[in-house]
Structures are given as structure tokens and as C-alpha cells.
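Below is one structure, written out as C-alpha cells, with a few remarks after it.
In listed order, ligands and their atoms are each counted from 1.
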Amino acid sequence: MKNESFHCDNCGKEITKHPTGSARNHCPFCLFSKHLDKDFPGDRASECKAIMKPVWKDYHKNKGWMVVHECIKCWKKIPNKLSEDDSVDVFGRL
Ligand SMILES: [Zn+2]
Ligand SMILES: [Zn+2]
């Protein structure tokens, strides 16, 4: 996984690199993601590239809180680890 800055396709905010250097794969403001990975996290092999919306939260005993993203185009669901600076407001409403 790469730690990179990008623009959020949902809210348009510029997302800076993760403060602690771990990979960022969703927007910390609205928690939307983008369908870039195909078979495993960080492979960037998907042809889809549609936006993925946060649909629910899940608690994983080893990884902690996860956000489950669902692609608006192909309906694929991918769970992602929550980052320290993700919006707790948005996460709390999932
Ligand atoms: Zn956003
Ligand atoms: Zn997709």
C-alpha cells in the first residue's frame, strides 16, 4: 500500500498523506473511498475506479474498527481499517 495524497471524488477535499505514514485509502472527511483494488488491498488492479461509499462499521478483534465500503457501480464490498484522523461524526452515523 502507498501513502499518497489525492482528491476525494465525493466531497472534493484534498486529502493529505497520513500523519503516521500508514496507507490511506479513503477520505477522512466523508469516509468515501475509490474502487482501485481488485484482489487484495493495495494491488490497484481494478478497472472499476468508481466511488465506494461507507455502508456500515464492523469491529474486528485484531484490527479494531473497520469501515465497510460498497462500490456504487459493481457493488463490491471491501472492509478497511479506520484511521486515527477519520471523521468520528460520519463513522458514528454508519
Ligand atoms: Zn471526502
Ligand atoms: Zn467497483
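By the 6.0 Å contact criterion, NZ on Lys49 is enclosed, its count of non-hydrogen atoms from other residues, nucleotides or ligands being greater than 12.
The shortest distance between side-chain heavy atoms of Val68 and Lys57 does not fall below 4.5 Å.
Aromatic ring orientation, Phe91 versus Trp65: perpendicular (interplanar angle above 60°, classes split at 30° and 60°).
Trp56 and Leu82 sit in two unconnected hydrophobic clusters of ILVMFWY residues. Membership requires side-chain heavy atoms under 4.5 Å apart, directly or through other members.
With the Zn ion (ligand 2) as the vertex, SG of Cys71 and SG of Cys48 span 100° to the nearest 10°. With the Zn ion (ligand 1) as vertex, Cys8 SG and Cys27 SG subtend 110°, rounded to 10°. For the pair SG of Cys30 and SG of Cys11, the angle whose vertex sits at the Zn ion (ligand 1) is 120° to 10 degrees.
Shortest distance from the Zn ion (ligand 2) to His35 is reached at ND1 (N/O/S atoms only).
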